[in-house]
Engineer: 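Below you will find the structure I want to go over with you.
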Amino acid sequence: QVQLVESGGGLVQAGGSLTLSCAASGRISNIDIMGWYRQAPGKQRDLVATITSGRITDYADSVKGRFTISRDNVKNTVYLQMNSLKPEDTDVYYCLVRNIFRADWGQGTQVTVST
């Protein structure tokens, strides 16, 4: 099976920064899309950012200019650099790893931004 290990979440004050990472291992190869989504209680899981194997990126409008997604194809790791954090960024963040056959989700990591 596929294992996704997330790290980097935590508590930060508004205006601060955090970097999330997610490393994929196990029975997956030829990874296409890697990305980050977030979900709060009572809400749907929404796109934060995605990056293709060719490093084409897509961002939610709410994070453009503040967040940067990147990937290391050798380590099968995706990163999310989050700057200028706002209280509304508070959510559980989930990483996504996808190839042509399957998609796998991480367990989620809590990001809390205080005022």
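Values in this document were obtained by computation on a predicted structure and should not be read as measured data.
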Engineer: Should R55 and N73 count as side-chain neighbours, where that means a heavy-atom distance under 4.5 Å?
Structural biologist: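 When only atoms from C-beta onward are counted, N73 and R55 do touch, with a gap below 4.5 Å.
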Engineer: Taking the side chain as every heavy atom from C-beta outward, state whether L85 and F67 have any atom pair closer than 4.5 Å.
Structural biologist: yes
Engineer: Any donor-acceptor pair under 3.5 Å linking the side chain of D72 with the backbone of T77?
Structural biologist: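 The answer is no, because no donor-acceptor pair under 3.5 Å joins these two groups.
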Engineer: Quick one: does V48's side chain get under 4.5 Å of M82's, heavy atoms only?
Structural biologist: no
Engineer: Heavy-atom count around Q110 CD within 6.0 Å, excluding the residue itself: above 12?
Structural biologist: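 Yes.
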Engineer: Is the shortest side-chain heavy-atom distance between L80 and R38 below 4.5 Å?
Structural biologist: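 No, every pair of side-chain atoms sits at 4.5 Å or beyond.
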Engineer: If you round to the nearest 0.5 Å, how far is CD of Q1 from OG of S25?
Structural biologist: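 One finds 9.5 Å between OG of S25 and CD of Q1.
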Engineer: Looking at side-chain heavy atoms only, is the closest gap between M34 and C95 below 4.5 Å?
Structural biologist: no
Engineer: Answer whether the closest heavy-atom distance between the side chains of V111 and L20 falls below 4.5 Å.
Structural biologist: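 With C-beta onward as the side chain, the pair touches.
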Engineer: Quick check: are there more than 12 heavy atoms from other residues, nucleotides or ligands sitting under 6.0 Å from CD of Q13?
Structural biologist: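 Counting other residues, nucleotides and ligands, CD of Q13 stays at 12 neighbours or fewer.
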Engineer: Check whether R98 reaches the backbone of I33 with its side chain - one donor and one acceptor, N or O, closer than 3.5 Å.
Structural biologist: no
Engineer: Does the side chain of I100 reach to within under 4.5 Å of the side chain of N30, using non-hydrogen atoms?
Structural biologist: no
Engineer: Could you check whether D61 pairs with K64 (Lys NZ or Arg NE/NH1/NH2 to Asp/Glu carboxylate O, under 4.0 Å)?
Structural biologist: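 Answer for the salt bridge query: yes.
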Engineer: Quick one: pull up CG in D91 and NZ in K43 and give me the separation to the nearest 0.5 Å.
Structural biologist: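 Reported to 0.5 Å precision, the distance equals 6.5 Å.
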Engineer: Is there side-chain contact between T19 and Q81, with heavy atoms separated by less than 4.5 Å?
Structural biologist: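 Side-chain contact under 4.5 Å: yes.
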Engineer: Please check this pair: side chain of T57 against backbone of I51, looking for a donor-acceptor N/O pair closer than 3.5 Å.
Structural biologist: no
Engineer: Checking Y59 side chain against I69 main chain: does a donor-acceptor pair fall under 3.5 Å?
Structural biologist: yes
